[in-house]
> 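Please find one structure pasted underneath; my questions will follow.
These numbers come from the heavy atoms of this one structure, side chains and all, not from hydrogens, waters or symmetry mates. Owing to the predicted nature of the structure, the values given are computational and were not obtained by experimental measurement.
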Amino acid sequence: MQYKAYVVEELDKQFISSIKILDTDNLPKGDLLVKVHYSSLNYKDALSATGNKGVTKHYPHTPGIDSAGVVIHSDSPLFDVDDEVIVTGYDLGMNTPGGFGEYISVPAEWAVKLPQNITLKESMIIGTAGFTAGISMLRLTELVKPSDGEIIVSGATGGVGSMALSMLSKKGYKTIAVSGKEQEYDFLKSCGADKIIARKDFLSSDDKALFPGIYAGAIDTVGGDILSRIIKSLKSMGAVTTCGSVASTNLSLNVFPFILRAVTLIGISAQNYPTELRADLWSRLSTDLKPDNLMSLYTEITMYDLPRTINLILEGKIKGRTLVKIAD
């Protein structure tokens, strides 16, 4: 069966993308053949689409770490034909053909049945970014309650950050957004930010071993100096989750926040989140963690818009979520 896909090829050490006609017979053998209705654009997709060998080792390749669609063929007793499913994480879109194609073939354990309270479109507005924010919420709220104080969110205009702000606000937390995009302050307020700090102001003072303890907790999406400054500014028994490295993969830090204030640093990996926990989290993302402003958090594109939009996300010019409509 033929289908359209956004394909990235390596030619003379250059990476070139185009829409190609492929055949489902050439997809890897999986338990499920899924017709993709929606995907979404994430930073990792942009890296894969521009030849980052740390994400995708072999080309030609179809990126897309997110997909939502309908089962066309099933070799698994867990899924029937016509089941609506969500597939995110694992190796999808990295070295396995991903959601930027009209069909994917995946192991059954990669898929989750679509919860009753959410549509395929809504699930991809949430996507890996919202899934990551959801994991961050679950882990952070184990240690920090709304009454403990303010939660600071870095990279707040991005997919994970904007989702996290909305989820925290829905759960009654007071939030502070850190952003380098002054033109998007209204957007941040619509996501639930109670206060906004310009990134340059947040990093303006000279570095110290510790800063005054101001924040009860944090959701960090960028890493680097911002994460270091957040950790040094947490209150006693504060906690921070971290899931990104767009600012830097390095962390310049001493042990004082951990041994003097008992601060907790929690790493978040949506890609490797346990299979047995995924359905429960998607159930919550369709109910109590579903952002009230979900339908105002996204921009919709098609696979033909991907080259331009990939450049924008690499330049840090995207806010919220980018939904990719795949099915005609």
Side-chain angles (χ1 to χ4, degrees), residues 40-50 52 54-56 63-66 88-90 92-94 125-140 151-168 175-181 184 187-188 191 193 196-197 199-200 202-203 215 217-234 239-253 263-273 281 285 291 297-298 309-310 312-322:
S40 72
L41 178 62
N42 301 276
Y43 190 74
K44 187 178 285 187
D45 299 317
L47 295 178
S48 174
T50 52
N52 187 305
V55 177
T56 299
I65 64 172
D66 286 348
T88 63
Y90 300 103
L92 184 73
M94 296 179 65
I125 298 172
I126 293 171
T128 287
F131 193 79
T132 303
I135 303 171
S136 302
M137 278 285 299
L138 295 183
R139 296 300 308 278
L140 185 68
I151 307 297
I152 190 166
V153 178
S154 67
T157 60
V160 180
S162 58
M163 285 281 177
L165 283 173
S166 298
M167 293 179 191
L168 287 164
T175 60
I176 301 174
V178 177
S179 175
K181 301 175 182 176
E184 301 297 352
F187 171 72
L188 292 173
C191 292
I196 301 170
I197 301 176
R199 183 174 57 208
K200 59 181 177 57
F202 187 68
L203 294 173
Y215 315 111
I219 292 179
D220 169 67
T221 73
V222 300
D225 290 343
I226 289 180
L227 175 57
S228 176
R229 183 64 56 94
I230 287 172
I231 292 171
K232 295 176 183 180
S233 302
L234 291 178
V240 53
T241 67
T242 185
C243 63
S245 58
V246 64
S248 175
T249 57
N250 296 320
L251 187 61
S252 177
L253 198 64
V263 164
T264 300
L265 175 61
I266 305 169
I268 302 296
S269 174
Q271 178 186 348
N272 299 309
Y273 198 64
L281 179 52
L285 289 168
L297 286 176
Y298 78 100
T309 316
I310 284 168
L312 291 175
I313 199 170
L314 289 172
E315 294 168 0
K317 295 180 179 179
I318 295 290
K319 68 177 181 182
R321 297 284 290 136
T322 300

> Counting C-beta onward and ignoring hydrogens, is there a side-chain heavy-atom pair between Val160 and Ile268 closer than 4.5 Å?
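Result no, sub-4.5 Å side-chain heavy-atom pair not found.
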
> To the closest 0.5 Å, what do you measure between CD1 (Ile197) and CG (Leu203)?
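So the gap between those two atoms works out to 10.0 Å.
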
> Under the criterion side chain to side chain contact (heavy atoms under 4.5 Å, CB included), I'd like the reasoning laid out for Ile266 against Leu140: C-alpha separation, chi angles, the key distance, then a yes or no.
CA-CA 8 Å; Ile266 305 169; Leu140 185 68; 5.6 Å; no

> Could you please spell out the steps behind the side-chain hydrogen bond (donor to acceptor under 3.5 Å, both in side chains) verdict for Ser40 and Arg321?
CA-CA 8 Å; Ser40 72; Arg321 297 284 290 136; 2.8 Å; yes

> For the residue pair Leu188 and Leu165, establish whether any side-chain heavy-atom pair is separated by less than 4.5 Å.
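When only atoms from C-beta onward are counted, Leu165 and Leu188 do touch, with a gap below 4.5 Å.
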
> Looking at Phe202 and Tyr215, what are the two nearest heavy atoms and their distance?
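Heavy atoms only, the tightest pair is CE1-OH, 3.7 Å.
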
> A side-chain contact here means heavy atoms from C-beta on lying under 4.5 Å apart; do Leu47 and Leu314 qualify?
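With C-beta onward as the side chain, the pair touches.
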
> Would you indicate whether Arg229, at its atom CZ, is surrounded by more than 12 heavy atoms from other residues, nucleotides or ligands within a distance under 6.0 Å?
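Buried by this count: over 12 neighbours within 6.0 Å.
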
> Any side-chain heavy-atom pair from Asp225 and Arg199 closer than 4.5 angstrom?
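Contact flag for Asp225/Arg199 side chains = no.
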
> What's the shortest heavy-atom distance between Ala164 and Ile219, and which atoms?
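Taking Ala164 first and Ile219 second, the nearest heavy atoms are CB-CD1, 3.9 Å.
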
> Begin with the C-alpha distance, continue with both residues' side-chain angles, and end with the deciding distance and a verdict on side chain to side chain contact (heavy atoms under 4.5 Å, CB included) for Cys191 and Leu297.
CA-CA 8 Å; Cys191 292; Leu297 286 176; 3.5 Å; yes

> Are the side chain of Thr56 and the backbone of Met94 linked by a donor-acceptor contact shorter than 3.5 Å?
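A pair under 3.5 Å: yes.
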
> Which heavy atom of Gly159 sits nearest to which heavy atom of Ala129, and what is that distance?
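Reported closest heavy-atom pair: C-CB, 3.7 Å.
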
> Quick check: closest heavy atoms across Asn250 and Ser248, and the distance to 0.1 Å?
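Scanning both residues, the minimum pair turns out to be N-OG, 3.0 Å.
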
> Is the side chain of Gln271 donor-acceptor paired with the backbone N or O of Gly89 at a distance under 3.5 Å, no angle test?
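Such a contact is absent between Gln271 side chain and Gly89 backbone.
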
> Once you round to the nearest 0.5 Å, how far does CD1 of Ile126 lie from CE of Met167?
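Rounded to the nearest 0.5 Å, the CD1-CE separation comes out at 6.5 Å.
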
> Go through the steps to decide whether Met137 and Thr241 satisfy the test side chain to side chain contact (heavy atoms under 4.5 Å, CB included), and finish with yes or no.
CA-CA 9 Å; Met137 278 285 299; Thr241 67; over 6 Å; no

> Is there side-chain contact between Asn52 and Lys44, with at least one heavy-atom pair below 4.5 Å?
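No, every pair of side-chain atoms sits at 4.5 Å or beyond.
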
> Taking Ala156's backbone N and O only, do any of them form a donor-acceptor pair with Lys181's side chain (distance below 3.5 Å, no angle check)?
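Flag not set: sc Lys181 to bb Ala156 has no pair under 3.5 Å.
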
> Got a second to check how far Leu312's CG is from Lys317's NZ, nearest 0.5 Å?
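Rounded to the nearest 0.5 Å, the CG-NZ separation comes out at 7.0 Å.
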
> Which heavy atom of Ser252 sits nearest to which heavy atom of Ser228, and what is that distance?
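Residues Ser252 and Ser228, closest heavy atoms: O-OG, 2.7 Å.
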
> Within the 4.5 Å heavy-atom criterion, are Phe131 and Asp66 side-chain neighbours or not?
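The answer is no; the side chains never approach within 4.5 Å.
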
> Looking at every heavy atom in both Met163 and Pro291, which two are closest together, and how far apart are they?
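Here Met163 and Pro291 meet closest at SD-CG, 3.7 Å.
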
> I want to check something: taking the side chain as every heavy atom from C-beta on, are Ile226 and Ile230 in contact at a cut-off of under 4.5 Å?
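They are in contact (side-chain heavy atoms under 4.5 Å apart), so the answer is yes.
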
> Quick check: does any side chain N or O of Asn42 sit under 3.5 Å from a backbone N or O of Asp45, one acting as donor and the other as acceptor?
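Between the backbone of Asp45 and the side chain of Asn42 there is no qualifying donor-acceptor contact (under 3.5 Å).
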
> Give, for atom OG of Ser162 and atom CD of Glu184, the distance between the pair rounded to the nearest 0.5 Å.
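Atom-to-atom, Ser162:OG and Glu184:CD are 10.5 Å apart.
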
> Answer yes or no: is there a donor N or O on one side and an acceptor on the other, between the side chain of Thr221 and the main chain of Ser154, under 3.5 Å?
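Side chain of Thr221 to backbone of Ser154: a pair is present.
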
> Can you tell me how far apart CG (Leu251) and CG (Asp220) are? Round to the nearest 0.5 Å.
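Nearest 0.5 Å value for the CG-CG distance: 9.0 Å.
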
> Roughly how far, to the nearest 0.5 Å, is the CD1 atom of Ile135 from the CG atom of Leu285?
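One finds 9.0 Å between CG of Leu285 and CD1 of Ile135.
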
> Are side-chain heavy atoms of Thr322 and Ile313 found at a separation under 4.5 Å?
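No, side chains not in contact.
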
